[in-house]
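Below, read A as the first sequence line, B as the second, and so on, with proteins coming before strands; counting in each chain starts at 1.
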There are 2 protein chains.
Amino acid sequence: MLKKIKSFSVPTLRRLPLYLKIARREQSAGKLIISCSDIARECRLDPILVRKDIASTGVVGQARCGFPIDKLIEAVEIFLGWRGGKDAFLVGVGHLGAALLKYEKFQEHGLMIIAAFDIDKQKTKQKIGNIPVFLISKLPDLAKRMRVPIGIITVNADTAQDIADIMVDAGIKAIWNFAPIVLKVPESILVENVSLSASLGVLTSQLNRQKDSDE
Amino acid sequence: MLKKIKSFSVPTLRRLPLYLKIARREQSAGKLIISCSDIARECRLDPILVRKDIASTGVVGQARCGFPIDKLIEAVEIFLGWRGGKDAFLVGVGHLGAALLKYEKFQEHGLMIIAAFDIDKQKTKQKIGNIPVFLISKLPDLAKRMRVPIGIITVNADTAQDIADIMVDAGIKAIWNFAPIVLKVPESILVENVSLSASLGVLTSQLNRQKDSDE
DNA sequence: AATATATCGATATAAATATATCGATATATT
DNA sequence: AATATATCGATATATTTATATCGATATATT
Ligand SMILES: NC(=O)c1ccc[n+]([C@@H]2O[C@H](COP(=O)([O-])OP(=O)(O)OC[C@H]3O[C@@H](n4cnc5c(N)ncnc54)[C@H](O)[C@@H]3O)[C@@H](O)[C@H]2O)c1
Ligand SMILES: NC(=O)c1ccc[n+]([C@@H]2O[C@H](COP(=O)([O-])OP(=O)(O)OC[C@H]3O[C@@H](n4cnc5c(N)ncnc54)[C@H](O)[C@@H]3O)[C@@H](O)[C@H]2O)c1
């Protein structure tokens, strides 16, 4: 019974952060109202699609004018779970992991990376982006005590499953996975994969086809 | 007339790299044949979906057995444009850009980052991941002379459009954009965005909804 | 040799997503 | 004040994507 969560369209969830970014910028520029058409033009999307996406956050607009920016921002932030901020642990302080730790904008997305972990003792000697790095062995205890909901995986592909297992055991509910493998986790655990291969596949495949048709 | 390129499903293009990775691994392990069911199980997808995806690459299988791995790999690589390798320039040697430059696996995806560019002269003093870094002012001439098809954007959001303009002028055909903005480019230019906000939006939104239903 | 079974490939159906249409309404324009 | 217009919100349609069904076939099993 409880399983019947109203699930929202993933494409919608992926577009909303962009609308939010635009809305915030316009708000900073002093605007009080923004219309779906404005957003759609900038995103190069159909205004009807933007309106439907925004409708799913529950915010109500004004005919002929658009949406009050403050209400729109609030609704989208709440809908995305970006209000308040969620704690996260990052595991794998390598090239990519360090880049993420140094990225300051995640706070705008309600993500607080409060600690990082690595197996390499050298990495624990310094803070990165003002975030402390601990030995991976410390993760379970810390995660349980602090009830950290999100784990970020930036270790090598062949270690990623082990780290996922550790995270699940430690009570982490959602995993943001940058390693190029499909993690095996219990159904109740959310996994979102960032697959650069997938993205690159779209680009190069289309590039190839375009070239073929040119000649 | 020429515009009528048979376009393939983007979801399919995004899944194929994963199948390829699995196929390559199984080939290394000595296997000669692989079935859609095998791949589907590992990817946690419906075998029918995997079969349809693979069918779009044109490879033919054997009833009751599966696909010859070598033929499958060849077909997917060709389909994705990963055979031969495509040259790319990267602009913005900051935290993220440097991580990408140091990532060795892009060659497996047919991507050869042959040079990087930055506006900061300091960055040009050293190779990163064995890739030379030049001043951004050198890009147009080099790109034109070498006919580089792909540009990777890892500069700050507020500079990304300028860099895109420079790339388009320099004859680059496809842009892999890591900056969180929608680039304005001519229709003929391909753009693929890597949006961490989008990915994070899916994760946190679903996490929120799950939590709501728990209590 | 006969039978069972797993898989491909084609076709059909279902579900999800995107686009179109239309009335209502708030503002701007005449 | 009357009219035009841009936008919302709801509903309808079209398109895309995913899943199901079924016959053909190659191998394994009895
Ligand atoms: N660098 C990129 O641009 C890039 C791009 C796409 C995908 N990825 C993926 O991201 C992941 C990380 O890539 P990277 O380039 O940063 O690799 P990296 O080798 O630089 O970093 C991996 C880090 O993980 C740590 N680690 C290894 N095993 C561990 C364990 N058991 N517990 C804790 N820490 C452990 C290592 O010490 C290292 O610091 C890989 O899976 C890679 O495929 C990276
Ligand atoms: N670091 C991350 O984890 C991360 C995550 C998501 C998105 N991004 C996006 O990726 C981009 C880069 O992020 P970052 O953290 O690496 O930033 P960064 O500030 O570390 O790097 C930006 C680099 O671009 C260079 N640059 C600026 N203007 C330039 C110009 N006109 N020509 C050439 N080079 C120029 C800077 O000198 C710097 O080296 C940003 O758009 C950011 O939003 C980064």
Side-chain angles (χ1 to χ4, degrees), chain A residues 4-16 18-19 22-23 26 31-73 75-76 79 182 198 201-202 205-206, chain B residues 4-16 18-19 22-23 26 31-72 75-76 79 182 198 201-202 205-206 209:
Chain A
K4 200 79 213 106
I5 304 167
K6 165 114 185 65
S7 83
F8 286 92
S9 143
V10 169
T12 293
L13 294 176
R14 296 185 61 87
R15 284 185 297 261
L16 284 171
L18 190 53
Y19 307 164
I22 292 168
E26 293 301 304
K31 279 187 70 177
L32 296 174
I33 267 196
I34 193 167
S35 78
C36 291
S37 323
D38 293 339
I39 295 177
R41 198 171 311 114
E42 177 156 353
C43 302
R44 314 203 137 189
L45 294 172
D46 192 315
I48 302 164
L49 181 59
V50 175
R51 191 168 306 125
K52 265 190 69 176
D53 287 341
I54 289 178
S56 57
T57 68
V59 65
V60 293
Q62 257 185 309
R64 166 66 221 249
C65 307
F67 295 85
I69 293 195
D70 55 347
K71 293 268 181 284
L72 176 62
I73 291 175
V76 175
F79 190 74
V182 179
V202 176
S205 154
Q206 292 179 345
Chain B
K4 201 77 215 106
I5 303 168
K6 167 116 184 66
S7 81
F8 287 91
S9 142
V10 168
T12 293
L13 294 176
R14 296 186 61 88
R15 286 185 295 261
L16 284 171
L18 189 53
Y19 308 164
I22 292 168
E26 291 302 303
K31 278 188 71 177
L32 296 175
I33 267 193
I34 193 167
S35 78
C36 291
S37 324
D38 293 339
I39 295 176
R41 197 171 312 113
E42 179 155 352
C43 302
R44 314 203 137 188
L45 295 172
D46 192 316
I48 302 164
L49 181 60
V50 175
R51 192 170 304 126
K52 266 190 69 176
D53 288 340
I54 288 177
S56 56
T57 69
V59 65
V60 292
Q62 258 184 308
R64 168 62 223 249
C65 306
F67 294 85
I69 293 195
D70 55 347
K71 294 268 183 282
L72 175 62
V76 175
F79 190 74
V182 179
V202 176
S205 154
Q206 292 179 345
R209 231 173 312 286

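For C/dT27, the paired base is D/dA4 (Watson-Crick or G-U wobble, both distances below 3.5 Å).
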Original post:
Can you list the steps and then say if A/Gln206 with B/Val10 is a side chain to side chain contact (heavy atoms under 4.5 Å, CB included)?
Top reply: CA-CA 10 Å; A/Gln206 292 179 345; B/Val10 168; 4.1 Å; yes
**OP:** I would like to know whether B/Val182 and A/Leu45 meet side chain to side chain contact (heavy atoms under 4.5 Å, CB included); could you show each step before the answer?
**Re:** CA-CA 11 Å; B/Val182 179; A/Leu45 294 172; over 6 Å; no
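Comparing B/Gly61 and A/Thr12 by the nucleotide of DNA chain C whose heavy atom lies nearest to each, the residue mapping closer to the 5' end is B/Gly61.
Atom CD1 of B/Ile48 is separated from atom P of C/dA12 by 15 Å (rounded to the nearest Å). The nearest whole Å value for the distance from the CD1 atom in A/Ile33 to the C1' atom in D/dC8 is 12 Å. Residue A/Gln62 contributes atom CD, which lies 10 Å from atom C1' of C/dT25 at whole-angstrom precision. Taking atom NZ of residue B/Lys52 and atom P of nucleotide C/dG9, one finds them 14 Å apart after rounding to whole Å. In this structure, the CD1 atom of A/Ile39 is 13 Å from the C1' atom of D/dC8, given to the nearest Å. The CG atom of A/Leu72 sits 14 Å away from the C1' atom of D/dT7 (whole-angstrom rounding). Here D/dT17 presents its P atom at 13 Å from CG of B/Leu16, a figure rounded to the nearest Å. One interatomic measurement links the two molecules: CG of A/Asp46 to P of D/dT16, which rounds to 14 Å at whole-angstrom precision.
Taking CD1 of B/Ile34 as the start and OH of B/Tyr19 as the end, the distance is 11.5 Å to the nearest 0.5 Å.
A donor atom on one side chain and an acceptor atom on the other are found under 3.5 Å apart for B/Ser205 and B/Arg209.
Annotation for A/Pro47 and A/Cys36: closest pair O-CB, 4.0 Å, computed over non-hydrogen atoms.
Close to D/dA18, at under 4.0 Å from its OP1 or OP2, lies a side-chain N or O of B/Arg15. Between A/Ser37 and D/dT7 there is a side-chain N or O to OP1 or OP2 distance below 4.0 Å. For A/Ser35, a side-chain nitrogen or oxygen approaches OP1 or OP2 of D/dT7 to under 4.0 Å.
Comparing C/dC8, D/dT17, C/dA26 against the side chain of B/Cys36 picks out C/dC8 as the nearest. If you check D/dT7, C/dT27, C/dT17 against the side chain of A/Arg51, the one that comes closest is D/dT7.
Side-chain atoms of A/Arg64 and base atoms of C/dT27 include a donor and an acceptor less than 3.5 Å apart.
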